[in-house]
Structures are given as C-alpha cells and as structure tokens.
Amino acid sequence: MDKIVCSVIVPMYNEEAVIMETYRRLTQVMENFGESYELVFINDGSRDKTREMISELCKSDQHVKMIDFARNFGHQIAITAGMDYAAGDCMVIIDGDLQDPPELIPEMVKIWRSGYDVVYGKRKSRQGETFFKKFTAKSFYRLLRGMTDVDIPVDTGDFRLIDRRVCEALKQLPERSRYVRGLMSWVGFKQTAIEFERSERFAGETKYPLKKMLKLAMDGIMSFSYKPLKFASYLGSGISLISFIYLIIVLFQKVFFPTSATSGWASLIAVSLFFNGIILLMLGIIGEYIGRIYDEAKGRPLYIISELKNMDDRQSPRFKL
Ligand code: UDP
Ligand code: MG
C-alpha cells in the first residue's frame, strides 16, 4: 500500500443528496493538490441510498474507502471511527454537506507542514442557518469555555486537520460520551486556527435536530467539567444555611412570642415547592453524571461496523471485525 499523506474523513448520515457533489469537490481539490490522499466516508447508519452510493464510488475510485456502521451511532462516534481507520500522516475531518469548504484543505496541509499539529477551522460567519442555531451555538461555546479548565476554542466545529500523533493520542482515550473537539484540546499539541466563512448546506436538511444538539452540548459540558456538581453543592449549602437561620427565627418566635407565629398554608406550600424543585434539579445533575459513569462501566465498543470497503487490511484499535 502506498503511503498516504492526507486522509479526509467525512461522516455521512442520510446525505444522498450531497454525496456526489461532495465527492466531486473533494476529488477536484485533492487531485489538483497532488499529494497522495484517501477519502474515508463513514456511513452512520443512513436510511436512504447513502450506503449504496458510497459503495459505487468505492468500486470506481480506489481513493474512496467506506466504513459502514451497523446503525446510527452519531456524528462524534463516526469521526472517531474515521480517525481509527485513517492511514494518512495527517487527517482532515470535514462535514459531508459542504458547509466546510474543501478548498481550504491545501492551505491547512501547508500550515501543518510548517510545524503545527492541529489546524482548526474557526467560523467567521455562518450562512444559511437560523438565528436560533447561531445564537444557541454561540452561547454554548462561551458557556463551555467558562465552565472548563481545558482551553476549547470558541466558534470551532469539527472541521480541522490533525497530525497522526494527535490521532494516536486520541485513540488512547476510551470514553464513550465523546465531544471530539474538546478531547483534541485536552490532548494538547501545537494548535492554530484558520478562519473561514461557513456556507449553507449544499442540499438536504440538518441532521442535528434540537435533541442531538442538546446531547452534544451535555456531552461537552459533562465530560469536561465538574462545575454543575459544584453548583449543586454550593446551592445546597447556601439554601441549608438560610433555612437554618430561618428555623432559629421561627423557634425563637414560637418560644418567646407564641401568639405572633402565624400559621399560613400559602407560605408553607411555597417553601415546599421551592425546595422540592431544587432537590429534583440537583438529583438531575447528579443523575447525568451517574448515567455517564454507567455507560462507561458497561465498556461496550464505541461502534459496530457491518462492512469495510477498500480498507480490509486495516484494524481498528477499538473493534475487530
Ligand atoms: N452526521 C452523522 N451522524 C449523525 C448526524 C450527523 O454522521 O447522527 C453527519 C452529517 O451527515 C454531516 C455532519 O455529521 O456530514 C454534520 O451534520 P449536519 O450538517 O446535519 O449538522 P449541522 O451542520 O446542521 O450542525
Ligand atoms: Mg451541516
């Protein structure tokens, strides 16, 4: 097998409308660039023709490799599998919907050659996305930054180039709830940004409905921060202190001014609702962490592959076919 300089990792979930165009643009860029390359397409359990289309491409072009998941495991797991199998000296992770411009890859490779291990794309602007998406994304990146000790760059998606050394380091992180860009910041190495305009999706719908966005956000926060737990314990201590002071006041009134102690149903129920709410909130926070511990404890493989194409000689560090 020839040495591969650049592996391009493309997760695909129900992307039949964009695959051919993505393949065409990537191939054009990589052929003009002249370095040896491979295109690793991960079919993340698509329900449409994505799998068949990638298979066809694999037959006509040896540069195309396919990792076919047995079901939908999610975007972050798909790029993890891509990195597990990619053979390049460097690898570029790019969305399959052409929101990240493939034309930037040669420039990223040049920066990599000049001595950087991670070149991440920073979004200068986002086109064709709803106000809600932009607003939630912006707030989330800033919230996460405020909550963690790891320096995770803001407004940065998964579009980036990484050196093989970074990939090898990532393979040693076995965790299940993966927020890959956070993990990459965690492993460190020499990183730099390259700015770009995020364009509109070429075709099709977003594959990140609110539910998946929330899960990704929770994974990001819970895997990199204990602050929610600290928040729960600080809030708990604060409220206990206030309650204790109030208890003393009430007892004092009862003993020394028995007639002034009023008996009110409204205030009782208000206090009870308030505290029950807080307790449930804290249980929820703790539950999120426990759920994640449970997931890790089961020790299941991160993904199950049903088929590999054009890369039968390769082994994943996590999973044997
Ligand atoms: N994706 C995936 N599995 C999923 C959801 C998304 O592999 O469960 C892929 C999708 O095909 C695309 C990339 O992840 O290549 C980013 O998804 P999308 O463009 O829908 O997200 P958005 O840009 O709207 O945040
Ligand atoms: Mg997209």
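Just follow the structure's listing: the first ligand is 1, and inside any ligand the first atom is 1.
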For Asn72, the atoms of ligand 1 under 4.0 Å from one of its heavy atoms are 3 (N), 4 (C), 8 (O)
Examine distances only and state if a side-chain atom of Lys65 and a backbone atom of His63 form a donor-acceptor pair shorter than 3.5 Å.
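Checked: no pair found.
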Rounded to the nearest 0.5 Å, the CG atom of Leu229 sits from the CE atom of Met222 at a distance of 7.5 Å
Exercise. Which value, rounded to the nearest 0.5 Å, describes the distance between Arg25 atom CZ and Glu21 atom CD?
Worked result: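 The CZ atom of Arg25 sits 6.5 Å away from the CD atom of Glu21.
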- CE of Met91 to OH of Tyr85: how many Å apart, nearest 0.5 Å?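 One gets 14.0 Å once the value is rounded to the nearest 0.5 Å.
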| query | Okay, side chain of Thr148, backbone of Ser225: is any donor-acceptor separation there less than 3.5 Å? | reply |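 Flag not set: sc Thr148 to bb Ser225 has no pair under 3.5 Å.
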For Lys133, the ligand 1 atoms with a heavy-atom partner under 4.0 Å come out as 22 (P), 24 (O), 25 (O)
- request: Answer with yes or no whether the hydrophobic clustering places Tyr23 together with Ile105; edges join I, L, V, M, F, W, Y residues whose side-chain heavy atoms lie under 4.5 Å apart.
  value: yes
Note to self: In this structure, does ligand 1 have an atom that sits under 4.0 Å from one of the heavy atoms of Gln76?
What the structure shows: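 It does not, in that no heavy atom of Gln76 comes within the 4.0 Å cut-off of ligand 1.
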protein heavy-atom neighbour closest to atom 1 (N) of ligand 1 works out as Tyr13 CB, 3.8 Å
Within 45 degrees of the axis of the six-membered ring of Phe73 and under 6.0 Å from its centre: does Arg71 put its NZ or CZ there? yes
Item to complete: Please find the N/O/S atom of Asp97 nearest to the Mg ion (ligand 2) and write down its name.
Response: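 Going by distance to the Mg ion (ligand 2), the closest N, O or S atom in Asp97 is OD2.
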Atom 3 (N) of ligand 1: closest protein heavy atom, distance to 0.1 Å, is Asp44 OD2, 2.6 Å
*Please could you name the atoms of ligand 1 that Gly74 approaches to less than 4.0 Å, counting only its heavy atoms?*
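This gives 3 (N), 8 (O) as the contact atoms.
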TODO: Please write down residue, atom name and distance for the protein heavy atom closest to atom 17 (O) of ligand 1.
DONE: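 For atom 17 (O) of ligand 1, the nearest protein heavy atom comes out as Tyr208 CD1, 3.8 Å.
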Among non-hydrogen protein atoms, atom 23 (O) of ligand 1 lies closest to Gln99 OE1, 2.5 Å
Name the closest protein heavy atom to atom 18 (P) of ligand 1, giving the residue it belongs to and the distance to 0.1 Å.
->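 The closest heavy atom on the protein side is Arg201 NH2, 3.5 Å.
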(request) Would you please determine whether Met213 falls within less than 4.0 Å of ligand 1 on a heavy-atom basis? (result) no
Taken to the nearest 0.5 Å, the spacing of Asn43 CG from Asp68 CG works out to 4.5 Å
Out of all atoms in ligand 1, which are within 4.0 Å of some heavy atom of Lys212? Include the element for each.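 Heavy-atom distances to Lys212 below 4.0 Å select 4 (C), 5 (C), 8 (O).
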Value rounded to 0.5 Å, distance of CD in Glu38 from CD1 in Ile4: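 Output value for this atom pair is 4.0 Å.
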* To do: May I ask you to check if ligand 1 and Ala78 share an N or O to N or O distance below 3.5 Å?
  =>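 By distance alone, the answer is no.
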(request) Tell me, please, whether Tyr120 has Lys122 positioned over its six-membered ring: NZ or CZ under 6.0 Å from the ring centre and within 45 degrees of its axis? (result)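 Pair Lys122/Tyr120 does not count as cation-pi.
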Closest to atom 20 (O) of ligand 1 among protein heavy atoms sits Lys207 N, 2.4 Å
Subject >> Nearest neighbour in protein (non-hydrogen) for atom 10 (C) of ligand 1 >> reply: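 Its nearest protein heavy-atom neighbour is Glu15 OE2, 3.2 Å.
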Let me check your reading of the structure: within less than 2.8 Å of the Mg ion (ligand 2), is there an N/O/S atom from Gln99?
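A backbone or side-chain N, O or S atom of Gln99 is under 2.8 Å from the Mg ion (ligand 2).
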Does the distance from a Lys or Arg side-chain N to an Asp or Glu carboxylate O, for Glu175 and Arg292, drop under 4.0 Å?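 Not counted as a salt bridge, because no side-chain N and carboxylate O are separated by less than 4.0 Å.
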for atom 24 (O) of ligand 1, nearest protein heavy atom and its distance come out as Thr206 OG1, 2.5 Å
